[in-house]
Student: 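Let me begin by handing over the structure; questions about it come next.
Convention: sequence-line order gives letters A, B, ...; per-chain numbering from 1.
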2 protein chains.
Amino acid sequence: MQQPQTRIQRKNHALILEAALDVFAREGFRGATVDQIAKTAGMSKPNVLYYFPTKEAMHEALLTQLLETWLDPLVAMDAGGDPVEEVLAYVRRKLEMARQHPRESRLFAGEILRGAPHMLGALKGDLRTLVDDKAAVIDGWIAAGKLAPVSAHHLMFSVWALTQHYADFDVQVQAVLGGPDWAGAEAHLSDLFTRMITPASNS
Amino acid sequence: MQQPQTRIQRKNHALILEAALDVFAREGFRGATVDQIAKTAGMSKPNVLYYFPTKEAMHEALLTQLLETWLDPLVAMDAGGDPVEEVLAYVRRKLEMARQHPRESRLFAGEILRGAPHMLGALKGDLRTLVDDKAAVIDGWIAAGKLAPVSAHHLMFSVWALTQHYADFDVQVQAVLGGPDWAGAEAHLSDLFTRMITPASNS
DNA sequence: TGTTGCTTTGACCATTTGGTCAAAACCAAG
DNA sequence: CTTGGTTTTGACCAAATGGTCAAAGCAACA
């Protein structure tokens with residue numbers, strides 16, 4: 001599996017994936033049509049199928065490409081940094097990613113919601129490995145008294161749930177608040193995680 | 001719009017909605033087919049369409065019915081009770097609901113993810129009203145010093161995000177942990193919200 | 001300019017799917 | 001057992017949709 005060679009191939013490849021992301025995020029895999037993707041990409045349906053053999057191939061290409069980016073904020077959590085600051089920085093990076101890439105967040109959410117038919121392997125493999133790795137780091141911080149005792153795995157679930165919620169459930173948030181409130185979200189999450197993980201002061 | 005009259009109508013109505021919930025939760029609205037619903041309900045497609053004029057009608061019936069149940073845990077939060085206990089009890093009720101009714105949670109998530117085409121009115125109406133109402137209660141508790149100062153709205157978003165995550169992203173949770181861990185989830189969330197909302201002790 | 005290989009698309013096909021319809025099966029009351 | 005309404009379904013239809021194909025367009029190089 002090689003990357004596209006010619007300049008025009010690279011361009012159209014990217015163009016199609018961009019369009020597919022748009023449509024998949026909005027309509028879901030089943031709801032998206034190749035025609036919609038083609039129209040969004042500004043080309044004919046057969047031409048889209050010339051670059052990607054099937055609709056599923058586009059979906060998989062997006063998910064594969066996405067997973068890496070998606071995990072970056074967690075990868076960047078540094079075992080050598082200040083524990084509380086590292087976790088808070090992770091939360092902020094993740095929230096920023098949700099704000100900047102809501103389509104990716106929804107694409108991911110839709111895939112998981114449907115039982116992760118195209119990602120189960122990656123979840124049980126790369127994701128699990130990374131998470132276990134970082135959980136060990138967190139457990140180390142806790143053992144050293146640098147972090148309040150929490151379940152490292154559930155802490156990470158909390159970060160995912162809380163940050164992605166603002167992208168995936170954006171419609172609901174806006175319906176309730178009357179509009180977006182990313183600043184409020186960041187303040188709230190910073191506050192929440194600070195209280196959550198700051199170890200009790202040595203009495 | 002009346003409820004079904006005869007005994008057989010009531011039975012089949014319920015049977016179809018049960019089947020539709022199953023299929024919609026698993027496949028999403030676009031992915032679900034009337035045939036699947038019919039087969040799950042143990043009857044023919046035309047018979048399903050005899051009770052519900054369209055696929056959309058089933059979806060709407062489910063969502064309408066769901067919204068009420070869904071908000072119950074929040075409705076039950078009592079302004080007269082102990083603030084910290086009330087919030088924690090709300091979290092536990094919501095988590096329990098996610099555990100007992102994952103299909104409903106996924107149905108709801110799918111609807112919101114797609115922009116809430118069938119629920120936007122309810123979100124901006126009933127939901128917003130209820131949330132604003134309860135936010136006022138929470139703000140009252142905070143003003144009285146019974147609760148740590150938090151954004152009431154974002155606090156509720158946090159409850160939703162964290163509890164529903166365990167139902168909606170169940171596949172991911174299980175892929176990472178190797179299996180379900182509702183007990184761990186409850187302990188974690190109890191801990192998290194306790195630290196979040198317990199007011200600083202009077203020094 | 002002519003040739004070669006890459007790119008693009010109109011037309012087409014098979015399948016799926018939401019929904020219809022008329023006839024059959026069923027049920028309850030007289 | 002008959003009759004009138006309700007329930008059920010096999011057969012069917014039209015539209016949507018994923019995907020194919022052969023032919024046309026186009027770029028680049030000899």
Student: Where each residue is assigned the nucleotide of DNA chain C containing its nearest heavy atom, which of Thr54(B) and Arg7(B) is assigned the position nearer the 5′ end?
Tutor: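 It is Thr54(B) whose nearest nucleotide is closer to the 5' end.
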Student: Run the ring-centre check on His188(A) versus Phe157(B) and record whether the distance is less than 6.0 Å.
Tutor: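 Between Phe157(B) and His188(A), which both carry aromatic rings, the centre distance is not below 6.0 Å.
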Student: Using five base pairs at each end to define the local axes, how bent is the helix from dT1(C)-dA30(D) to dG30(C)-dC1(D), to the nearest 10°?
Tutor: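 Both end axes considered, the difference amounts to 0°.
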Student: Contact boundaries of DNA chain D with chain B (under 4.0 Å, heavy atoms), 5' to 3'?
Tutor: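 First and last nucleotides in contact are dT6(D) to dT17(D).
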Student: Quick one: the side chain of Lys45(B) and the base of dG19(C), do they pair up donor-acceptor inside 3.5 Å?
Tutor: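 Per atom types, the contact qualifies.
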Student: Identify whether the distance between the nearest side-chain nitrogen and carboxylate oxygen of Glu96(B) and Arg99(B) falls below 4.0 Å.
Tutor: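 Between Arg99(B) and Glu96(B) there is a salt bridge, with a charged N closer than 4.0 Å to a carboxylate O.
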Student: Assess the residue pair Glu27(B) and Arg114(A) against the criterion (salt bridge (Lys or Arg N to Asp or Glu O under 4.0 Å)); give the C-alpha distance rounded to whole Å, side-chain angles, the decisive distance to 0.1 Å, and a yes or no.
Tutor: CA-CA 6 Å; Glu27(B) 313 283 353; Arg114(A) 277 336 157 238; over 6 Å; no
Student: Please tell me if the side chains of Met43(B) and Ile16(B) come closer than 4.5 Å, counting only heavy atoms from C-beta onward.
Tutor: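 Sidechains of Ile16(B) and Met43(B): in contact.
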Student: Quick one: sort the His59(A) and Phe24(A) rings into parallel, tilted or perpendicular, breaks at 30° and 60°.
Tutor: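 Aromatic pair His59(A)/Phe24(A) classed perpendicular.
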Student: Polar pairs (N or O, both sides) under 3.5 Å between protein and nucleotides 13-15 of chain C?
Tutor:
none

Student: Could you check how far OH of Tyr50(A) sits from P of dC6(C), rounded to whole Å?
Tutor: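 Taking OH of Tyr50(A) and P of dC6(C), I get 7 Å after rounding.
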Student: Using whole Å, report how far CG of Asn47(B) lies from P of dG19(C).
Tutor: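 After rounding, the reported distance stands at 16 Å.
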Student: Please give, in whole Å, the distance from dT17(C) C1' to Phe29(B) CZ?
Tutor: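 Distance check: Phe29(B) CZ to dT17(C) C1' gives 12 Å.
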Student: Categorize Tyr51(B) for me: base, sugar-phosphate, or nothing, with a 4.0 angstrom heavy-atom threshold over every strand shown.
Tutor: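 Sugar-phosphate contact only.
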Student: I'd like to know if Lys39(B) pairs up with Asp35(B) as an ion pair, taking the criterion as any Lys NZ or Arg NE/NH1/NH2 lying under 4.0 Å from an Asp or Glu carboxylate oxygen.
Tutor: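 Looking at Lys39(B) and Asp35(B), the cut-off is not met.
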Student: Provide, to the nearest angstrom, the distance between the CG atom belonging to Asn12(B) and the C1' atom belonging to dC27(C).
Tutor: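 Spelled out: CG on Asn12(B) to C1' on dC27(C) is 14 Å.
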Student: Just say parallel, tilted or perpendicular for the rings of His118(B) and Phe29(B), cut-offs at 30° and 60°.
Tutor: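 Answer is perpendicular, since the angle exceeds 60°.
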Student: Establish, from distance only, whether the side-chain atoms of His154(B) and Asp191(A) form a donor-acceptor pair under 3.5 Å.
Tutor: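 Their side chains do not contain a donor-acceptor pair, so the 3.5 Å distance test is not met.
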Student: Judged by each residue's nearest nucleotide on DNA chain C, which is more toward the 5′ side, Gly42(A) or Arg30(A)?
Tutor: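 Per heavy-atom nearest nucleotide, the more 5' residue is Gly42(A).
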Student: Once you apply a heavy-atom cut-off of 4.0 Å, does Ala32(A) come out as touching a base, just sugar-phosphate, or nothing?
Tutor: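 Ala32(A): backbone/sugar contact only, no base atoms under 4.0 Å.
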Student: Taking Glu60(B) first and then Lys55(B), would you say they form a salt bridge - that is, a charged N and a carboxylate O separated by under 4.0 Å?
Tutor: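 Judged by the 4.0 Å cut-off on N to carboxylate O distance, Glu60(B) and Lys55(B) do not form a salt bridge.
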Student: State, with a plain yes or no, whether a side-chain heavy atom of Ile138(A) is found less than 4.5 Å away from one of Met156(A).
Tutor: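 Ile138(A) reaches Met156(A) side chain to side chain.
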Student: Tell me what Thr33(B) touches on the nucleic acid: a base, only sugar-phosphate, or nothing, going by heavy atoms under 4.0 Å.
Tutor: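 Thr33(B): backbone/sugar contact only, no base atoms under 4.0 Å.
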Student: Does a nitrogen or oxygen in the side chain of Gln9(A) sit under 4.0 Å from OP1 or OP2 of dC6(C)?
Tutor: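 So the side-chain polar atoms of Gln9(A) never come under 4.0 Å of the phosphate oxygens OP1 or OP2 of dC6(C).
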Student: Applying side-chain hydrogen bond (donor to acceptor under 3.5 Å, both in side chains), run through Thr40(B) and Asp22(B) and close with a yes or a no.
Tutor: CA-CA 8 Å; Thr40(B) 304; Asp22(B) 226 68; 5.7 Å; no
